[in-house]
> 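My structure is below; once you've seen it, I'll send some questions.
Keep in mind that the numbers below use all heavy atoms, side chains included, and drop hydrogens, waters and symmetry copies.
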Amino acid sequence: MKQSATTSHAMPRRRLKQGLDVSALGLGCMGMTYAYGPTDDEESLRVIDRAIELGITFLDTAEVYGPFQNEELVGRAIRGRQDRVVIATKFGFRFDGAKIVGVDSRPEHVREVCDGSLRRLGTDHIDLFYQHRVDPQVPIEDTVGAMADLVRSGKVRHLGLSEASAATIRRAHAVHPITALQNEYSLWERGIEQEVLPTCRELGIGLVAYSPLGRGFLAGRVSRFEELAPDDFRRRVPRFEGENFERNRRHLEIVTRIAQAHDATPAQVTLAWLLQQGDDVVPIPGTKHVRYLEDNAAAVRIRLSEEDLRQLDRLAGDVAGERYRPEEMSLVGK
């Protein structure tokens with residue numbers, strides 16, 4: 001019988017170094033309104049309700065997810081219980097209607113976006129406010145300075161960056177303490193281990209791992225490229241395309257074999273691996289289905305052996321295809 005999550009408030013906690021207390025697993029809300037095919041607001045609201053019941057109270061959203069719709073949905077879900085959750089949201093893009101037309105981290109835009117996010121979320125403060133992508137046209141000191149003003153005004157509690165380079169992280173942290181870096185990190189994306197993660201640990205910055213299940217691939221939830229919805233953004237992710245998809249199936253085979261030995265699911269093993277990378281690592285698997293949420297939540301009960309970890313470590317560096325297309329890769333690691 002596979003591991004299951006049925007007990008309320010069973011989720012352990014993790015304390016990021018700047019004093020932000022979060023659930024050991026968070027919930028990525030992006031797919032509820034954006035990027036992963038058809039949406040269902042009522043089911044998504046049920047997912048957030050169930051997450052809170054299970055003690056998964058670290059909710060991740062962003063203005064770009066929709067845009068704006070995701071923050072509104074999360075705001076609906078937490079109405080009347082804002083004090084029970086930790087809300088993280090992100091800024092950093094410029095829009096023409098619903099279309100992204102560039103990045104924008106000018107101080108005046110930072111302040112404008114914060115006010116909009118507060119309104120959509122229906123709260124008086126944001127627990128963790130990230131710069132979503134570094135803006136090469138604006139010195140990081142200016143952007144973080146504006147973010148720090150929001151902390152001083154009480155609108156924001158903690159600051160974060162996403163997909164920033166080690167050098168940028170250092171410069172930002174010198175202006176105001178950075179609580180968390182959000183980066184893609186999983187069994188098939190480990191580039192941050194070379195320089196970025198050591199820098200975070202030196203400075204006392206926690207890591208929030210997005211796409212911890214390889215966008216569902218390492219959970220075994222995508223068996224064929226053709227089954228992806230026409231508007232699913234994974235159709236333009238190189239790792240899901242053509243021969244790359246078939247080559248990457250070897251990863252899933254190894255994860256599945258270890259999962260069977262633990263009477264667990266591939267998703268649970270993939271998340272358990274991340275949880276064992278350090279107490280400063282908080283995965284935020286996304287889902288818009290209650291059954292997947294409960295499956296993911298049970299990962300905290302699994303302890304992988306040293307031999308399991310050795311087998312999984314062999315996957316590093318053996319992934320076919322980039323994680324984004326070139327135009328999107330140009331925005332990361334800045």
> So does Glu328 pair up with Arg133, basic N to acidic O under 4.0 Å?
no

> Under 4.5 Å side-chain heavy-atom separation, chaining through any Ile, Leu, Val, Met, Phe, Trp or Tyr, what else clusters with Val86? Say none if it is isolated.
Leu16, Leu20, Val22, Phe58, Leu128, Tyr130, Val208, Tyr210, Val282, Ile284, Tyr324, Met329, Val332

> Any sub-3.5 Å donor-acceptor pair from Thr143's side-chain atoms to Ser105's backbone N or O?
yes

> Determine whether Leu207 and Asp280 satisfy the following criterion, side-chain contact (heavy atoms from CB on, under 4.5 Å), listing intermediate values before the conclusion.
CA-CA 6 Å; Leu207 179 72; Asp280 54 352; 5.8 Å; no

> Counting only heavy atoms not in Arg157, do more than 12 fall under 6.0 Å of its CZ?
no

> Should we say atom CD of Glu306 is surrounded by more than 12 heavy atoms from elsewhere, each under 6.0 Å from it?
no

> State whether Phe225 and Arg235 meet the cation-pi test: NZ (Lys) or CZ (Arg) under 6.0 Å from the six-membered ring centroid, and within 45° of the perpendicular axis.
yes

> Any chance CD of Glu243 has more than 12 other-residue heavy atoms, nucleotides or ligands included, within less than 6.0 Å?
no

> Quick one: do Arg325 and Glu241 make a salt bridge, cutoff under 4.0 Å?
yes

> So, using salt bridge (charged side-chain N to carboxylate O under 4.0 Å, His left out) as the criterion, who are the partners of Asp40 when residues are at least two apart?
none

> Quick check: do Gln276 and Asp308 have side-chain heavy atoms less than 4.5 Å from each other?
no

> Any link between Val138 and Val110 through a network of hydrophobic side chains (Ile, Leu, Val, Met, Phe, Trp, Tyr) touching at under 4.5 Å?
no

> Can Arg310 and Asp313 be counted as an ion pair, charged N to O under 4.0 angstrom?
no

> Starting from the C-alpha separation in whole Å, work towards a yes-or-no answer on side chain to side chain donor-acceptor pair (under 3.5 Å) for Glu71 and Thr89.
CA-CA 8 Å; Glu71 288 182 325; Thr89 192; 2.6 Å; yes

> Applying ring-ring contact (aromatic ring centres under 6.0 Å, His included) as the test, list every pair that has at least one member in residues 291-313; sequence neighbours left out.
His289-Tyr292

> Between Ser162 and Gln182 (side chain of the first, backbone of the second, donor and acceptor by atom type, cut-off under 3.5 Å), is there such a pair?
yes

> Check for me whether the distance between the ring centres of Tyr34 and Phe233 falls short of 6.0 Å.
no

> If hydrophobic clusters are built by linking Ile, Leu, Val, Met, Phe, Trp and Tyr wherever their side-chain heavy atoms come under 4.5 Å apart, do Tyr65 and Val113 end up in the same one?
yes

> Could you tell me whether Arg239 and Glu189 make a salt bridge, using a distance below 4.0 angstrom between a side-chain N and a carboxylate O?
yes

> Could you work out, with side chain to side chain contact (heavy atoms under 4.5 Å, CB included) as the rule, every residue matching Val175, not counting sequence neighbours?
Glu141, Val144

> Using side-chain heavy atoms (C-beta onward) and a distance below 4.5 Å, is Arg13 in contact with Ser23?
yes

> Within a reach of under 6.0 Å around CZ of Arg247, are more than 12 heavy atoms found that belong to other residues, nucleotides or ligands?
no

> With the side chain counted from C-beta on, respond yes when Phe91 and His132 share a heavy-atom pair under 4.5 Å apart, and no when they do not.
no

> Could you tabulate the donor-acceptor pairs under 3.5 Å formed by side-chain atoms of residues 92-99, not counting sequence neighbours?
{"unit_1": "Arg94", "atom_1": "NH1", "unit_2": "Val103", "atom_2": "O", "d": "3.1"}

> Would a single hydrophobic cluster contain both Val134 and Ile192, if residues Ile, Leu, Val, Met, Phe, Trp and Tyr are joined by side-chain heavy-atom contacts under 4.5 Å?
no

> Please determine whether a side-chain nitrogen of the Lys or Arg among Glu202 and Arg170 lies less than 4.0 Å from a carboxylate oxygen of the Asp or Glu.
yes

> The criterion is side chain to side chain contact (heavy atoms under 4.5 Å, CB included); which residues satisfy it with Ala174, sequence neighbours excluded?
none

